[in-house]
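So the structure is just underneath, and the comments pick up after that.
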Amino acid sequence: MNKIVQKVAVAAPVCAVFLLFFVLPVALMLSASFERIDTLTLEVVERFTFAQYFKFLTDSFYLRILLNTLWISAGTTLVSLLVGYPVALHMSRLEGLSRQIILIIVLSPLLISHAVLNFGWLIVLNSNGLVNSTLRSAGLIQTPLPLLHTALAVILGLVHSHLPFIVLPIENALRSVRPEVSRAAVSLGANSFRLFRYVTLPLSIKGIVTGSVIVFSLSASSFVIPVVLGGVRVRTMASVAFEEVMLNLNAPFAAAVSLLLLAMTTIAVAALGWIGRKLQPPALVQQAAKPASEGAA
Amino acid sequence: MTRAITYLVLAFILLPGVVLILTSFTEARFVSFPPEGFTFKWYVLAAQKPEFIASLKLSVIIASVVAAASTVLGTATSFLLRSLSPGLQAPLQALVMSPLVLPTVVIGISMIQFFTLIGLVASPVAVVIGHVIVTTPYVVRLVSDSLSALPRNLEWAGSSLGAPDWRVLVLVILPNIKVGLIGGGLFAFIMSFENVTLSAFLATPGLTTLPVLIFGYSDQALEPWLVAVCSVTVLLTTALVVLLERTIGLQRVFSAKG
């Protein structure tokens with residue numbers, strides 16, 4: 001009896017905090033997205049309407065922003081994969097201090113504020129920044145290239161800050177393949193390309209999917225990086241939602257936009273998961289490739 | 001081949017931090033690359049800017065309160081998760097971990113609306129609550145990890161020798177999960193200190209944390225004293241990152257499970 005009282009005494013405040021300050025606000029936001037307010041007086045004029053969703057989905061201006069968000073996040077995911085995979089592969093072969101040092105460097109962008117990293121990229125991409133100065137002193141360009149406020153700058157910033165999320169799961173997947181598997185392939189005559197294409201890559205699909213899902217959803221919902229590196233020219237759904245609630249005080253529209261964003265990422269994540277399952281080698285093969293301690297059923 | 005690419009990627013990862021540190025010593029009045037000359041004057045100037053000092057103070061206070069609160073809340077949650085039957089464990093786990101799954105914009109917008117509604121807007125309390133919600137899941141992950149590595153026999157030995165529950169907790173359990181507790185608290189501190197996505201929603205004039213201050217300046221001319229501020233935060237975080245890796249191992253914090 002005493003134990004049950006104890007558990008309830010702990011459970012009550014924990015649940016209360018999360019229900020009151022997390023579940024309730026999200027529920028209120030969901031209901032707010034169905035409201036319509038007078039944009040001047042901010043009074044609610046309609047309680048239940050799909051007006052906010054219609055406004056977004058029927059305006060080509062906003063639809064273009066949706067497409068923009070999609071391709072920026074897809075591009076970020078793809079580039080992160082291409083850049084992160086070799087790092088994961090290299091890390092999975094290392095042990096001890098050298099792996100630890102690489103791990104610290106790979107994880108460091110997560111622990112430095114995005115606001116600070118943005119500042120660094122501004123100095124790199126500015127008209128008198130690192131890239132333009134280097135190109136100019138090499139005589140390759142006369143006038144500075146407009147690198148800032150482009151989709152490319154946004155993707156660069158997003159790849160940089162989300163790389164750890166792709167490297168870690170892939171490295172994890174590669175580490176759980178026993179070394180004998182690659183050795184067997186090589187001794188059977190596979191060259192390094194075929195070893196990668198038919199052995200290493202298929203066995204790391206799980207890590208690739210996990211990483212892609214995280215990078216896609218995080219970069220789709222990031223707004224600090226697009227706002228600074230994309231400026232007014234490159235807008236994403238998250239930055240529109242941010243501006244709507246903070247500058248235009250149109251909370252219902254901001255709520256609807258961010259919920260549409262959530263729906264979009266959920267669909268994309270489901271699609272990625274489906275593709276991943278299609279590409280994955282059969283369960284039996286995966287099981288057999290694991291180290292003896294894990295593989296034995 | 002993979003080694004060469006890895007080194008290139010590592011250079012890319014380090015680039016913005018290194019560029020910030022290098023340019024913070026420039027003698028030029030406007031930031032440009034390569035930096036000109038060498039001077040510490042921007043650090044001196046930054047230290048004299050009241051807005052910088054105020055936001056640094058606010059950030060440190062908020063991060064400390066958040067670290068303490070989410071360590072207590074997260075540890076309580078971890079104990080609770082361990083003692084519950086699997087049927088109750090799953091929903092509680094889902095509830096506590098969901099802030100990690102939801103996009104930050106969704107959390108940010110829902111919180112600014114909620115705090116406006118209950119009249120707690122423009123208050124540091126709102127920022128603290130918001131940060132606690134997004135940092136607690138990490139603490140739960142780390143402390144649960146430490147707890148699951150602790151054999152139950154130790155507690156049973158303690159109890160069977162006549163120690164009351166609270167003594168078992170203080171003398172047996174807590175010392176053994178010290179690493180998880182310290183790591184969780186430290187990590188919560190860093191996450192709160194560097195947070196800009198959520199703070200940008202909850203901050204108001206007069207309530208600007210350091211990252212929000214920097215974020216607010218990013219669309220203006222780059223001033224060297226701000227670069228000095230950025231470079232200080234880069235160096236500070238680097239020190240904390242090494243400390244974190246030494247105490248708990250960074251990978252455990254970000255591992256996909258949980």
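In what follows, every heavy atom counts, from backbone to side chain, and hydrogens, waters and symmetry copies are set aside. Nothing here was measured: the structure is a model prediction, and the numbers come from that model. Numbered from 1 within each chain, the chains take letters A, B, ... in sequence-line order.
- If you measure heavy-atom distances from Leu92(B) to chain A, the contacts under 4.5 Å come from the side chain alone.
- Ile129(B) touches chain A through its side chain: at least one heavy atom from C-beta onward sits under 4.5 Å away, while N, CA, C and O do not.
- Between Arg99(A) and Glu171(A) there is a salt bridge, since a side-chain N of the basic residue sits under 4.0 Å from a carboxylate O of the acidic one.
- Ranked by non-hydrogen atom pairs under 4.5 Å with chain A, the options Ser83(B), Pro103(B), Pro99(B) are led by Pro99(B).
- The closest donor-acceptor contact from the side chain of Ser199(B) to the backbone of Val196(B) lies at 3.5 Å or more, if one exists at all.
- Contact annotation for Leu210(B): neither backbone nor side-chain heavy atoms come within less than 4.5 Å of a heavy atom of chain A.
- Per-residue counts of heavy-atom pairs under 4.5 Å with chain B were compared for Val10(A), Leu117(A), Ile123(A); the largest is that of Ile123(A).
- Looking at Leu89(A), only its side chain comes within 4.5 Å of chain B, counting heavy atoms on both sides.
- Proximity to chain A is limited to the side chain of Leu102(B), based on heavy atoms less than 4.5 angstrom apart.
- Between Tyr85(A) and Phe196(A), the distance from one ring center to the other falls under 6.0 angstrom.
- Proximity to chain A (any heavy atom under 4.5 Å) is shown, for Ser218(B), by both the backbone and the side chain.
- Only the side chain of Ile112(B) comes within contact range of chain A, with at least one heavy atom under 4.5 Å from a heavy atom of that chain.
- When atom types are taken as modelled, the side chain of Asn126(A) and the backbone of Asn128(A) share no donor-acceptor pair closer than 3.5 angstrom.
- In this structure, the portions of Ile214(B) lying under 4.5 Å from any heavy atom of chain A include both its backbone and its side chain.
- Pro164(A) meets the side chain to side chain contact (heavy atoms under 4.5 Å, CB included) test with Val106(A), Leu107(A), Leu110(A); sequence neighbours excluded.
- Using non-hydrogen atoms only and a strict 4.5 Å limit, the part of residues 217-228 of chain A facing chain B consists of Ser221(A), Phe223(A), Val224(A), Val227(A), Val228(A).
- In this pair, His162(A) and Phe165(A) present their aromatic rings tilted. The plane angle is within the 30 to 60° band.
- Taking the six-membered ring for Trp and the full ring otherwise, the centers of Tyr217(B) and Phe119(A) sit at least 6.0 Å from each other.
- With hydrogens and angles ignored, the 3.5 Å screen pairs no side-chain donor or acceptor of Ser70(B) with any backbone N or O of Ala188(B).
- Under a 3.5 Å cut-off, the side chain of Ser55(B) and the backbone N or O of Phe52(B) do form a donor-acceptor pair.
- In terms of heavy-atom pairs under 4.5 Å with chain A, the best-connected choice from Ile13(B), Val19(B), Ile5(B) is Ile13(B).
- Phe193(B) does not touch chain A: none of its heavy atoms, backbone or side chain, sits under 4.5 Å away.
- Not a single donor-acceptor pair under 3.5 Å links the side chain of Ser133(A) to the backbone N or O of Leu130(A).
- Within the 3.5 Å criterion, the main-chain N or O of Leu28(A) finds a donor-acceptor partner in the side chain of Ser31(A).
- Although no hydrogens or angles enter the test, the distance criterion places a donor-acceptor pair under 3.5 Å between the side chain of Gln52(A) and the main chain of Glu35(A).
- Between chain B and the residues Asn132(A), Leu94(A), Val23(A), Val124(A), the largest count of heavy-atom pairs under 4.5 Å involves Val124(A).
- For chain A, the nearby part of Leu117(B) is the side chain; its heavy atoms alone come within less than 4.5 Å.
- For chain A, the nearby part of Ile190(B) is the side chain; its heavy atoms alone come within less than 4.5 Å.
- Every residue meeting the side chain to side chain contact (heavy atoms under 4.5 Å, CB included) condition with Ala203(B), not counting sequence neighbours, appears here in chain and number order: Val212(B).
- For residues 224-241 of chain B, the set of pairs meeting the side chain to side chain donor-acceptor pair (under 3.5 Å) definition, not counting sequence neighbours, comprises Tyr43(B)-Ser231(B), Glu223(B)-Trp225(B).
- For Leu15(B), the part sitting under 4.5 Å from any heavy atom of chain A is the side chain, from C-beta outward, and nothing else.
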